[in-house]
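A short write-up of the structure that comes next.
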Amino acid sequence: MERDIPMSTDAADATPAYRYTAELAGEIERRWQQHWEEQGTFHAPNPVGPLKGDVPADKLFVQDMFPYPSGAGLHVGHPLGFIGTDVFARYHRMNGRNVLHTMGFDAFGLPAEQYAVQTGQHPRKTTEDNIQTYLRQIRRLGLGHDERRRISTIDPGYYKWTQWIFLQIFNSWYDTAAGKARPIAELEAEFASGERSTPDKPWAEMTGVERQRLLGEYRLAYLSEAPVNWCPGLGTVLANEEVTADGRSERGNFPVFRRSLRQWMMRITAYSDRLIDDLERLDWPEKVKAMQRNWIGRSHGARVRFAVEGAGASPETVDIEVFTTRPDTLFGATYMVLAPEHPLVDVITSTEQAEAVAAYRREVSRKTDLDRQENKEKTGVFTGAYATNPVNGSRIPVYVADYVLMGYGTGAIMAVPGQDQRDWDFAKAFDLPIIRTVQPPADFEGEAFTGVGPAVNSSQKNGLSLDGLDVAEAKKKIIAWLEEQGRGEGTVQFKLRDWLFSRQRYWGEPFPIVYDEDGAPIAVPESMLPIELPDVDDYSPRTFEPDDANSEPSPPLSRADDWVTVELDLGDGPRKYRRETNTMPNWAGSCWYQLRYVDPTESERFVNPENERYWLGPRTTEHGPSDPGGVDLYIGGVEHAVLHLLYARFWQKVLFDLGHVSGDEPYRRLFNQGYIEAYAFRDARGVYVPAEEVEERDGKYFFAGEEVRREYGKMGKSLKNVVTPDDMCEKYGADTFRLYEMSMGPMDVSRPWATKDVVGAQRFLQRLWRNLVDETTGELRVTDEDPDEEALRLLHKTIAGVHDDYANLRYNTAGAKLIELNNHVTKHFPGGAPRVLAEPMVLMLAPLSPHVAEELWSKLGRTESLAHGPFPKADEKYLVEDTVQYPIQVNGKVKARVVVSASASADEVKAAALADEKVAELLNGGEPRKVIVVPGRLVNVVL
RNA sequence: GCCCCCGUAGCCCAAUCGGUAGAGGCAGGCUCCUUAAAAGAGUCACAGUACGGGUUCGAAUCCCGUCGGGGGCACCA
């Protein structure tokens, strides 16, 4: 071998200097990103304040769900939504709207803290490093963010206002009569004046502690000693929303135990009705609305009081109140059940049954939620007491059983085995009577009948009868009767619980609360905000064996003695106080960030009202009279359906009630993007192998010669199937990557990642580039040729279609239309693209692949960035066709086609169809039974 | 167990009011270009809409049932 010239050298030499390769794309992209940044191209002006500028009335606020800056870095699935919002934002910006699009970071949270614990670094350091990595990754994608508006929840300048909002919530109460939150001072005034009566003694006679305790029962943020979800494995308590159905933590999958602890709560239940009702005013996916409705769980029913003859120590009669959604079945109540934790169990249990009841309660208390969940066999114990059914005076036994939960309704039920399967099962197990009070259909073969039908066996001697009434009528009648008798009333019950708001963590917002020597919580004055996180030696909460239910929470801040004890002058001279050592949950910062995006640097207020109204206020002329305001388009995954999205709505409503914001919903339109999923492969041992190196042969998969098994699901490091946006930008360029992600399918559909398909997007950009630029010289190939009618028709059809597609988030079809147009240019204008076609094509491409579009736009001689338009407009005259081709169906099958003038009347079209040779042949001289002419579409001849 | 969504070509996906099943991409065949290969250009084929019924002049689209996939809720009275 004389010379060793690798083949690839020839290949490299053969690549024309100005071909749109990944290298050239990379160069163009970096150049334009720098240009945009220097020019502030994506700065959106505010009406007033530090970011003041000339504002068009037409605005658009587009927002991505707040990212958490994970240390793991991004994979190709993460930017899907970010690119989606960017395309939308760019499209509307080109059409002249003032577009607010930015991205900040939800940077408090467990992973940073855990990482800090492992490495000994301060969580702020690791978090800020992660943010830089994240920013580097997303910058490479060319997202048109207003970087002046980047915020981070961990900045004291941000969490000062999170604390401020907490104080607003703490200092307000829900006035059910007015149906809104009001300042607590107004309640205090009502108590003081006697306008509202106090429970035990007059306000004037109450001590300060008593008064504060009373107000605490009204505050929307309050301290409560109540059973909470204690997770020893995480060393913190969790909200109901953070616990899975099988009683484990959503994060980390550790067991969760019920423990009674003194914790901060948010009175979100005060807003149950509004949170459900206002869903109707939102442009949100039905699925998410359904999940929220389900979680809030409103059910209409009645409370009914049953008198119980005390069988135990206290012989007097007590009332047991139950909640039921089926008061119409009251005649079928053959026994009652109390939850094991119900306080009346002690009162009514007979001495004979006392031991059995106590044993049962002990047994139940040892069961975890998971045990109770898994074992659906009905268990329980008779209390020895009997209740009287108010409708017919029948004497029914009272049981204790764990299928009744203390946490829902009143913790007691009337059992109607004829109409409830759970009660049926219990009645069968304990041999209790069953009475049907709704007539099932004749062919009904089930056990309990929960359907609708006429009431039966539902009358009493002295007149009350439901017999023959349908379920709805019977409910109405019995509720009226109960109210008249004073034995019950119609009511509404919710599943939603108040929101547990304390966490025993270091890396979260400190509460702006101190305690005096009486242990009463006192709000820190606004002027002292922010309460900054102190430095500590150890960031970790004390965690425990995950199964150690008896462990005690120990927040890291409680060990920062110098910080915890503080001397303040809160009006009556300097005194010592103790700080709250819990921190706020991760959700706090994301409850209001859209408001801060609007006014990130405002120092006097959390947001200037004028700017808030401009960007987020209701716009009834555009969106209808019930428009709640909020972000115009909010894109994110469906996983936040009941956590973040419910909490954020709650905070917004409180702020609205108190007059701090102009709209009562934070997100007018919500869109859930799908997920990018991927194949993963495991070998015979079940170990994951690098997906990239797997080969497919005849429908089987091989890694290093061995057959491997294919799975489909998430992308993840441990699954060895991660593809990063950095890789894709390196290999193809950001514009190609963006275009590919957007062409994979509709935004809301999940789909598998396929690296091999990315080349299709690259080829398209190369062809388009080549139509405008000479690959060898880099000279413009655009001509002044007047394109023919056909090309103009296609151009304007494309413009009209692409407009519609962009506006409706159908980026995949927008991309396809551009490819179609470009293919036409390639085929019909081999000498170069006519400028009349080239310019609109470049502009229409810009939202999807902005860098190459800017580059071509400037090569076309334009000196201004195309970021603010113009976006081409379709000329109507090219959209109407002169002639129309009608397919002619005979009995629904296409048999022929005729071409007629577009202005032809239905009769003319019909005549043309019947005159067609093929059709005439099939008619064979006879008359058709019927001829259907669909104008512009087709003709169907029925024989 | 209850509720919701989805099944179109080998793969990802179009089809806007019930009106010609195919826009686009990947993979594949063929032709051109090339010493050759790759890249590129051109061109072609492939399904009748998961399955079974129904409504209709006409169904991927509406209705009922079955199968398959995904998701939510779950002893909530």
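In the text below, chain A, chain B and the rest are named by the order of the sequence lines, each starting its count at 1.
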Distance, P atom - from B:rC17 to B:rC62, rounded to whole angstrom:
11 Å
Report the residues that fulfil salt bridge (charged side-chain N to carboxylate O under 4.0 Å, His left out) with A:Glu677, sequence neighbours left out, ordered by chain and then residue number.
none
Just to confirm, is there a sub-4.0 Å distance from OP1 or OP2 of B:rA41 to any side-chain nitrogen or oxygen of A:Arg770?
yes
Considering residues at least two apart in sequence or located in another chain, which fulfil the salt bridge (charged side-chain N to carboxylate O under 4.0 Å, His left out) criterion with A:Asp423?
none
So which protein nitrogen or oxygen atoms get under 3.5 Å of nucleotides 2-5 of chain B's nitrogens or oxygens?
none

Mind checking A:Asn940 for me? I need base, sugar-phosphate or nothing, with any heavy atom below 4.0 Å counting as a touch.
base
Describe the nucleic acid contact of A:Val749 in one word from base, sugar-phosphate, nothing, applying a heavy-atom distance below 4.0 Å.
sugar-phosphate
Rounded interatomic separation in angstrom, taking CZ from A:Arg19 and C1' from B:rA38
11 Å
A:Lys930 NZ to B:rC57 P: how many Å, rounded?
5 Å
Taking the same atom, P, in B:rC51 and in B:rG68, what whole-Å distance lies between them?
15 Å
Euclidean distance for C1', B:rC46 against B:rC4 (whole angstrom):
35 Å
Taking atom C1' of B:rC13 as reference, at what distance in whole Å does atom CG of A:Asp748 sit?
13 Å
With nearest nucleotide decided by heavy atoms, which residue, A:Gly801 or A:Gln493, maps closer to the 5′ end of RNA chain B?
A:Gly801
Does any N or O in the side chain of A:Asp402 come within less than 3.5 Å of the main-chain N or O of A:Pro340, such that one atom is a donor and the other an acceptor?
no
Taking the side chain of A:Val894 as heavy atoms from C-beta outward, which of B:rC75, B:rA21, B:rC57 is closest to it?
B:rA21
Kindly point out which of B:rU43, B:rA77, B:rG19 is positioned nearest to the side chain of A:Lys827?
B:rU43
Is there a Watson-Crick or G-U wobble partner for B:rA60 with both distances under 3.5 Å, and if so, which one is it?
none
Rounded to whole angstrom, note down the P distance from B:rC26 over to B:rG19.
30 Å
Looking only at the side chains, is there a donor atom on one of A:Thr437 and A:Gln419 sitting less than 3.5 Å from an acceptor on the other?
yes
Pairing partner of B:rU43, by Watson-Crick or G-U wobble and under 3.5 Å for both distances, is B:rG29
Among B:rC75, B:rC57, B:rA39, which is the nearest nucleotide to the side chain of A:Lys378?
B:rC75
Using Watson-Crick or G-U wobble geometry with both distances under 3.5 Å, which nucleotide pairs with B:rC2?
B:rG72
Pairwise P distance, B:rC6 and B:rA15 [rounded to whole Å]
14 Å
Please state how far atom CE in A:Met406 lies from atom C1' in B:rA77, giving the value in whole angstrom units.
13 Å
Show every donor-acceptor pair shorter than 3.5 Å between a side-chain atom in residues 824-831 of chain A and any protein atom, with sequence neighbours excluded, or say none if there are none.
| residue | atom | partner | partner atom | Å |
| --- | --- | --- | --- | --- |
| A:Thr826 | OG1 | A:Asn771 | ND2 | 3.0 |
| A:Thr826 | OG1 | A:Asn822 | O | 2.8 |

So does A:Phe494 get a backbone contact from the side chain of A:Arg497, meaning a donor-acceptor N/O pair under 3.5 Å?
yes
How far, in whole Å, is B:rC13 from B:rG53 if one measures between their P atoms?
29 Å
Same-atom distance (P) from B:rG72 to B:rC12, integer angstrom:
22 Å
Specify the glycosidic conformation (syn or anti) of B:rC64, with syn defined as within 90° of 0.
anti
Would you check if the side chain of A:Tyr335 reaches a backbone N or O of A:Pro417 as a donor-acceptor pair within less than 3.5 Å?
no
Identify the residue among A:Val939, A:Val884, A:Leu938 that makes a side chain to side chain contact (heavy atoms under 4.5 Å, CB included) with A:Val909.
A:Val939
Can you tell which of B:rC57, B:rA14, B:rG19 lies closest to the side chain of A:Arg937?
B:rG19
What's the CD-P distance between A:Glu677 and B:rC12, to the nearest Å?
12 Å
Spacing of A:Tyr675 atom OH relative to B:rG71 atom C1', expressed in whole Å:
10 Å
Are A:Tyr399 and A:Phe426 an aromatic pair, judged by ring center distance below 6.0 Å?
yes
Suppose we define a pair by two distances each less than 3.5 Å, Watson-Crick or G-U wobble; what does B:rC17 pair with here?
none
Counter-base of B:rG65, judged by Watson-Crick or G-U geometry with both distances under 3.5 Å
B:rC51
Whole angstrom is fine here: how far is it from CD in A:Glu321 over to C1' in B:rA77?
14 Å
Just to be sure I understand the rule, does A:Pro830 reach a base, reach only the sugar-phosphate, or reach nothing, if contact means heavy atoms closer than 4.0 Å?
nothing
Atom CD of residue position A:Glu692 - does it have more than 12 heavy atoms of other residues, nucleotides or ligands inside 6.0 Å?
no
Atom CG of A:Leu405 to atom P of B:rC73: distance rounded to whole Å?
17 Å
Are any of the side-chain nitrogens in A:Glu321 or A:Arg305 under 4.0 Å away from the carboxylate oxygens of its partner?
yes
Given that both distances must come in under 3.5 Å, which nucleotide forms a Watson-Crick or G-U wobble pair with B:rA9?
none
Side-chain donor-acceptor distances from residues 736-744 of chain A under 3.5 Å, at least two apart:
| residue | atom | partner | partner atom | Å |
| --- | --- | --- | --- | --- |
| A:Thr736 | OG1 | A:Tyr732 | O | 3.3 |
| A:Arg738 | NE | A:Leu848 | O | 2.8 |
| A:Arg738 | NH1 | A:Asp86 | OD2 | 2.8 |
| A:Arg738 | NH1 | A:Leu141 | O | 3.0 |
| A:Arg738 | NH1 | A:Gly142 | O | 3.2 |
| A:Arg738 | NH2 | A:Asp86 | OD2 | 2.8 |
| A:Arg738 | NH2 | A:Pro847 | O | 3.0 |
| A:Tyr740 | OH | A:Ala754 | O | 3.4 |
| A:Ser743 | OG | A:Leu739 | O | 2.3 |

Counting side-chain heavy atoms from CB outward, which of B:rA39, B:rC57, B:rC75 is closest to A:Tyr403?
B:rC75
Expressed as a whole number of Å, how far does the P atom of B:rG29 sit from that of B:rG58?
43 Å
Under 3.5 Å, which protein N or O atoms sit close to an N or O of nucleotides 23-30 of chain B? Give each pair with its distance.
| residue | atom | partner | partner atom | Å |
| --- | --- | --- | --- | --- |
| B:rA23 | O2' | A:Glu820 | OE1 | 2.5 |
| B:rC26 | OP1 | A:Arg763 | NH1 | 2.5 |
| B:rC26 | O2' | A:Lys756 | NZ | 3.0 |
| B:rC26 | O2' | A:Asp757 | OD1 | 2.6 |
| B:rA27 | OP2 | A:Arg763 | NH1 | 3.4 |

